[in-house]
2 protein chains.
Amino acid sequence: MGGKTDLRLTMDDIAAAAGVSQMTVSRVMRGTGQTSDEVRKRVESAARSLGYVPNRLATALRDETAPLIAVVLPTLGNRVFSEVLNGVSSTLTDSGLQPVFGVTEYSAEHEEELVRDLLSWRPRGIVLPGLEHSDATRAAVRASGVRVVEVMDIDGDPISVAIGLSQIAAGRSTALHMLSKGYRRFGYIGSQGGRDLRAVKRLDGFRSAIREAGAQIVSERIVAEPSSMTVGRNETANLLSERNAPEAIYYSNDDLAAGGIMHCLSEGIAIPTQVALAGFNGLAFLEALPVRLTTVETLRLQMGVEAALHLLGHRDDPDEISNKKVVDLGFRLIEGETC
Amino acid sequence: MGGKTDLRLTMDDIAAAAGVSQMTVSRVMRGTGQTSDEVRKRVESAARSLGYVPNRLATALRDETAPLIAVVLPTLGNRVFSEVLNGVSSTLTDSGLQPVFGVTEYSAEHEEELVRDLLSWRPRGIVLPGLEHSDATRAAVRASGVRVVEVMDIDGDPISVAIGLSQIAAGRSTALHMLSKGYRRFGYIGSQGGRDLRAVKRLDGFRSAIREAGAQIVSERIVAEPSSMTVGRNETANLLSERNAPEAIYYSNDDLAAGGIMHCLSEGIAIPTQVALAGFNGLAFLEALPVRLTTVETLRLQMGVEAALHLLGHRDDPDEISNKKVVDLGFRLIEGETC
DNA sequence: TTGAAAGCGCTAACAA
DNA sequence: TTGTTAGCGCTTTCAA
């Protein structure tokens, strides 16, 4: 009971300074129960002057859950995921919850470990990217009993709630649009070495529609690197220099497609007459390009927002029987000048 | 002491299943102390089969500190900060620490509240953006005793460790380059309504060099919105349509400047003969543009990495006497084709 | 090599 | 209106 030498202040310190019990400090801090104005003022001024910061670890331990929302992201290198994170984060402001996050770099093993790590914080909820997870990951989430939302994709069987769009339908839709413009010979440019499973689904949807129409994909280039405008530009150059080059190119996302536009602008290649292009995501910067890209608009920010609202309990819970729910935010094909 | 109905497993549950004491489970989990192979195996298999997930809240409460690194960001809407976050996050992988973060939206009051919230997790360290913080924020950080790193800027007095670059020098350096090319009448385009204090410092540095040379800034346009290519494109159009339009434009960052390039490409305005442009940051996507922007390269990812390493204790501690340290990562003027 | 006791800082429940 | 007690799940200390 000697003098406190630690920097960390506890409610006991404030209690001593204010001449009340520690429990009274707790009540004043939380504004619960009845406390006389007199005492409240004494406690508040003691807390302020000593610079008391509550210890949420203790509260969380007591409550058996921490005011945290865990967010798993494939990468921070792609705007798309920082937009989802932004949606979660901004929705959490003023809710008293904090986001904790980790990045998998598109690896299922990393995801498994990361999910375990994040769950050990006893978060109020967890946001996962996509619907493909290892059995162990699924089991860990289920066993934890925390609310889960899987974002981005709805083509598959969610653990509980999925919020996103049909990636397959988005790919098909792009194909149908391009086919309607009369293109028959297609190229595809992707990145991440095929580890982005949503991109794979889009390509599947795209490919099936192309085949059904009797048209063909003459070349698919999927590089190992992350996507970027530079990669898109270089791969477009490579693709167009192949003999038997395609009339139209489908890119796995807007960054790559914008790189394609840049290549054409630099080389004086006419769009869409010499080559047609289509992207995916509808990123804001496309508006500023000299040529408007045809793309599929997705609602990344809103996915984060809706996910957070679900985890906060401001949305309907999953259906009682199946314990599952799918929220299709849809997509919109935006016809630009590139096909 | 009845049967456990909760989903949450504790070491007691594992202990019961393995027929040992809870303390033995703790030892096995952490791999400390001596445990017989026999017992270790029993405990490990019980933990695995029951799906035990440790409760870090309890450990953290006991340890008086949580294995967390708190990160404060002005916004997630700007690539620059997600790159810093990425640097922190990737450096933390395999260190056993998790990033928790929050966004201030460039508001000092939000920052104050956010910092208090984050400190209540008893993190191992905290990363703050820039050197300008309210007295209360500074006091809270100091009182908490956690390690702090301030990133992005080194023009000022750090709380402890600052890692970044001289924003003022970066602005001056750009001005000197443009002056050396013979431009005398300048324009400036910024965003965030002047709330981005690093941008303000760059402009100060730019302005002083321009004045010293006897040249002038004929127009400054600072919009309230966040920066984007679209804003840059529109504001460039506005600036160039003013009578008495400038010969050269300095933008507060690359997104805005890239928008300027797009405007010129679309309108057939020759760069740099009709108008010269310069940006700031050296973002990767610039490489893909048809016209290479003259800009100042900064090391966002590295700032995050260095900040995390400091907080992990893998870098020198601040000087014993002053308790402060400044790490100047510098910047590099990249001469493109725009001035 | 294993176990029992105490306590980290907080809050629910009960008592005064 | 205020205070006391017990305990959240771990780990440190001491004992067996």
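Residue numbers start from 1 in every chain, and the chains themselves are labelled A, B, ... in the order their sequence lines are given, proteins ahead of strands.
A:Asp63 and A:Arg122 are not joined by a salt bridge, as no carboxylate oxygen comes within less than 4.0 angstrom of a charged side-chain nitrogen. Using a 4.0 Å cut-off between a side-chain N of Lys or Arg and a carboxylate O of Asp or Glu, A:Asp117 and B:Arg56 qualify as a salt bridge.
Distance alone, capped at 3.5 Å, is enough to place a donor-acceptor pair between the A:Arg147 side chain and the A:His310 backbone. Not one N or O on the side chain of B:Ser89 forms a donor-acceptor pair closer than 3.5 Å with the backbone of B:Asn86. With hydrogens and angles ignored, the 3.5 Å screen pairs a side-chain donor or acceptor of A:Arg30 with a backbone N or O of A:Ser26. With hydrogens and angles ignored, the 3.5 Å screen pairs no side-chain donor or acceptor of B:Lys324 with any backbone N or O of B:Asp157.
A heavy atom closer than 4.0 Å to some atom of DNA chain C occurs in B:Leu61, B:Arg62, these being the qualifying members of residues 45-63 of chain B. Within residues 23-37 of chain B, the residues having any heavy atom closer than 4.0 Å to DNA chain C are, in order of number, B:Met23, B:Thr24, B:Arg27, B:Gln34, B:Thr35, B:Ser36.
The distance between atom CG of B:Leu9 and atom P of D:dC8, rounded to the nearest whole Å, is 15 Å. For B:Arg40 and C:dT1, the CZ to P distance is 9 Å, given to the nearest whole Å. What separates CE of A:Met11 from C1' of C:dC8 is a distance of 14 Å, to the nearest Å. As a whole-Å value, the separation of A:Asp12 CG from C:dC8 P is 9 Å. D:dC8 atom C1' lies 11 Å from atom CZ of A:Arg122, rounded to whole Å. Rounding to whole angstrom units, CD of residue B:Gln22 and P of D:dC8 are separated by 11 Å. The interatomic distance linking B:Glu64 (CD) with D:dC10 (C1') rounds to 13 Å, in whole Å. The distance between atom CH2 of A:Trp121 and atom C1' of D:dC10, rounded to the nearest whole Å, is 13 Å.
The environment of NZ in A:Lys41 is sparse: at most 12 heavy-atom neighbours from other residues, nucleotides or ligands sit within 6.0 Å.
Identified under the salt bridge (Lys or Arg N to Asp or Glu O under 4.0 Å) test for residues 94-114 of chain A, with sequence neighbours left out: A:Glu112-A:Arg116.
Atom CG of A:Leu114 sits about 7.5 Å away from atom CD1 of A:Ile126, to the nearest 0.5 Å.
At D:dG9, none of the side-chain N or O atoms of B:Thr10 fall inside 4.0 Å of OP1 or OP2 (strictly under the cut-off).
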